[in-house]
Structures are given as structure tokens and as C-alpha cells.
Protein chains: 2
Amino acid sequence: MKSDMNSRVSKPKAPLELADAHAKGLHSIGEAAKLTGLTAKMIRHYESLGLVTPTDRTFANYRVYQTRDIHLLRFIKSARDLGFSMKQIAILASLWQDSARSSAEVKKLALEHIQEMDERIHSLQQMRKALSDLAGRCHGDERPDCPILDAIACNSCHNTD
Amino acid sequence: MKSDMNSRVSKPKAPLELADAHAKGLHSIGEAAKLTGLTAKMIRHYESLGLVTPTDRTFANYRVYQTRDIHLLRFIKSARDLGFSMKQIAILASLWQDSARSSAEVKKLALEHIQEMDERIHSLQQMRKALSDLAGRCHGDERPDCPILDAIACNSCHNTD
DNA sequence: CTTGACCTTACCACCATGGTAAACCTTAAC
DNA sequence: GTTAAGGTTTACCATGGTGGTAAGGTCAAG
């Protein structure tokens with residue numbers, strides 16, 4: 001079943017055996033995962049989002065990643081580590097691959113993301129401060145009296161009806 | 001169909017008409033929503049989590065909320081506003097309703113939540129700083145050169161294979 | 001009796017990630 | 001050559017908190 005298909009060696013565009021792919025410096029999804037710090041699961045997920053589609057598969061339908069794909073996966077990983085959403089990353093990746101981009105476009109995206117993070121930080125800090133003020137007033141002992149519960153229960157004691 | 005069921009007036013435990021419920025100071029889910037600042041949707045969701053289950057329904061199967069329920073819904077709302085997860089809120093609510101609680105239990109939960117928020121704040125601040133450093137070095141003009149993309153693409157330029 | 005506002009349940013969606021299962025493939029050891 | 005281990009495939013379900021929608025029942029006012 002394999003031996004009569006050995007024309008694969010002379011036709012690079014046709015599906016490959018895994019060993020051939022290795023010999024050509026191509027990577028399976030597991031190797032891609034190790035090389036990028038992503039999980040195979042997430043690599044498939046990014047493919048389903050249309051971000052990274054390996055151009056080839058082996059005869060056994062295994063994904064085959066090229067060096068270019070590995071670079072793109074690393075790009076995605078780094079952008080995720082900076083907190084960008086997948087939608088933002090899709091745009092960033094297309095800008096990255098567009099040699100005619102303007103750095104202004106990229107910077108705009110970055111500044112928007114910074115502002116989103118600022119808002120989340122601010123909101124967290126507000127909650128943190130409110131709760132930590134309450135915790136500071138709570139004895140934290142065996143008694144049931146608790147300013148934390150009091151405040152949550154009654155944060156603006158209206159009538160109920 | 002309704003008139004032969006008027007025994008409902010003399011049996012408070014039986015399902016009510018909506019008008020009867022109103023007359024008793026009870027509330028529909030829409031009113032509960034207005035009184036608490038939650039949406040009807042979320043009130044049903046909290047019920048599905050086992051947090052707030054109205055003890056009665058009308059003949060027409062409408063949820064009927066008592067003053068006690070409204071208080072509990074407000075408690076949930078306030079705790080959400082402090083960033084507590086639903087799991088934490090379930091515990092907080094049971095502590096709130098347990099007169100034999102110790103304030104130490106509540107404080108412990110609060111301190112844990114504060115620490116979670118600290119971690120999220122720290123992580124966001126790290127990402128924010130990294131990105132804002134990069135943005136500061138980006139011209140943001142018509143040229144394609146962009147330190148932001150460079151850094152994302154090459155954040156630790158290893159060989160790919 | 002109609003109309004509009006409300007209520008009911010039961011779905012699907014988000015976002016990024018993890019998990020599982022069943023089937024298949026590859027490789028190495030025996 | 002068979003087998004066992006481990007990698008890969010697809011296809012599902014789950015998280016958490018919220019939003020939406022659809023199809024149907026109910027209530028109140030005109």
C-alpha cells in the first residue's frame with residue numbers, strides 16, 4: 001500500500017509520509033506544540049479560527065507544519081501573552097504579514113488594548129480596595145458579627161417594597 | 001376555570017393569582033429585577049445554580065418573590081459587584097444566613113478573593129507595561145517598521161528547527 | 001376581543017481553554 | 001509479524017457569567 005506510492009518523494013506537493021516530512025524539516029502538531037509553547041489543542045483551535053492552516057497533510061491526514069507556520073504560531077503565542085484577544089491577533093497577524101502596513105495601524109491597536117487593560121485594572125483595583133477596606137474592619141474571630149457580610153447585605157439599605 | 005378555584009384566597013400555601021401576590025407585597029420576577037438591579041435572566045440563572053428559589057408560583061406558574069428573596073438577590077448583586085465568583089457567593093450567602101458563623105470564615109474568603117484579584121491585577125499590569133514600552137518605541141506613522149510587531153514576532157528569536 | 005407588556009421554558013452564542021472518547025497511525029521492541 | 005506505547009484525527013461536552021432569541025402562555029387595559 002505504501003510501496004506503490006513512492007512517487008511521493010518526487011512530487012513534493014502530494015501528501016507525504018511522516019518520515020519524509022521529518023526529513024524535510026517539517027513538523028507534526030505535537031512538535032509544533034513543543035516548539036511554540038502552545039498545546040496541540042490550541043493549535044487546532046487557531047486553525048479553526050482561520051489563523052494558521054497547515055498547507056499539507058500526510059497520507060494519514062496528519063497536519064504538517066512548515067517553518068513559516070511555526071513562526072506564525074509563535075507570533076500568536078506572544079500576542080496572547082500580551083493579552084490580545086483572538087480578534088485582535090487576527091488583525092495583528094495580517095498586519096505582520098502585510099509589508100505595506102503602517103506602524104500607525106499597529107500602534108492604534110496596541111493603544112486600544114492598553115486602554116482596555118487599564119479599564120480592567122481600574123475596575124479590579126476598585127473592587128479590591130472596597131473589599132480590603134471591609135476586611136480590615138472585620139475581626140476575623142469566632143464571633144458572627146461581620147462588617148463584610150453587613151456591607152454586602154445592606155450596601156444601601158432601601159426598603160424592599 | 002378560575003372562578004371555581006377561589007379557595008386560593010383562604011389557603012395561603014396554594015398557588016396564587018398574580019393580583020393576590022401583589023396585594024400581599026410579593027413580587028414578580030420583573031419587579032424583583034427592578035428592585036435589585038439584576039436582570040430577570042440572571043435571576044433565573046441564579047435560581048438554576050440553587051442560590052435563590054422562590055417558594056411559590058402563581059397558578060400561571062409565575063415566580064413569586066418574597067421580601068426575603070429580594071434581600072438575598074441584593075446580596076448576590078453586591079457580592080458580584082465586589083467580584084466574587086458564583087461559587088464564592090454561594091458560600092457567602094450560606095454564611096450570611098447562618099447565625100452561628102464565625103467572622104473568621106467570611107474574612108478568609110474575602111482575603112482569598114483579594115489575593116486572586118491581586119494576581120489578576122499584577123498579570124494585567126505586567127502585560128500593560130510590556131505593551132506600553134513597545135508602543136512607546138513605535139513611531140506610529142506611515143512607515144511599516146514597527147517595534148511592536150518585531151517584538152511579538154521575535155520575542156526570543158530561537159531557531160525554528 | 002384585541003393589543004401590548006409580561007412571563008415561561010428551551011435553546012444558541014460569546015471567549016479561550018481543558019477534557020474525553022473512539023478510531024486511526026507510527027514507531028520501537030519483542 | 002505482532003504487540004504495546006504513544007501520537008494524531010475528529011467530534012463532542014464543560015467551564016463562567018451574561019446576552020440573545022424563539023415559541024408559547026398570561027395578564028391588564030382599552
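In the text below, chain A, chain B and the rest are named by the order of the sequence lines, each starting its count at 1.
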Which is it for A:Glu116 and A:Arg120 under the salt bridge (charged side-chain N to carboxylate O under 4.0 Å, His left out) test, yes or no, and what are the steps along the way?
CA-CA 6 Å; A:Glu116 291 162 12; A:Arg120 290 173 58 200; over 6 Å; no

Is there any protein nitrogen or oxygen under 3.5 Å from a nitrogen or oxygen in nucleotides 3-7 of chain C, and what are the pairs?
from	atom 1	to	atom 2	distance (Å)
C:dC7	OP1	B:Ser28	OG	2.9
C:dC7	OP1	B:Gly30	N	2.6

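- Between A:Leu26 and A:Tyr65, every side-chain heavy-atom pair lies at or beyond the 4.5 Å cut-off.
- Environment of NE2 in A:His139: crowded, with over 12 heavy atoms of neighbouring residues, nucleotides or ligands closer than 6.0 Å.
- Heavy atoms of other residues, nucleotides or ligands lying less than 6.0 angstrom from CD of B:Gln115 number 12 at most.
- The interatomic distance linking B:Ile43 (CD1) with C:dT8 (C1') rounds to 15 Å, in whole Å.
- Side-chain contact of A:Asp141 with B:Ser103: a donor-acceptor pair under 3.5 Å is present, judged by distance alone.
- In terms of heavy-atom proximity, B:Leu131 sits nearest to A:His113 at CD2-CD2, 3.4 Å.
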Step-by-step salt bridge (charged side-chain N to carboxylate O under 4.0 Å, His left out) determination, B:Asp133 to B:Arg137:
CA-CA 7 Å; B:Asp133 287 352; B:Arg137 288 193 266 124; over 6 Å; no

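- Salt-bridge check for A:Glu47 with A:Arg57: passed, with a basic side-chain N closer than 4.0 Å to an acidic carboxylate O.
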Do any N or O atoms of the protein come closer than 3.5 Å to N or O atoms of nucleotides 13-17 of chain D, and which pairs are they?
from	atom 1	to	atom 2	distance (Å)
D:dG16	OP1	B:Lys87	NZ	3.3
D:dG17	OP1	B:Met86	N	3.2
D:dG17	O3'	B:Arg80	NH2	3.1

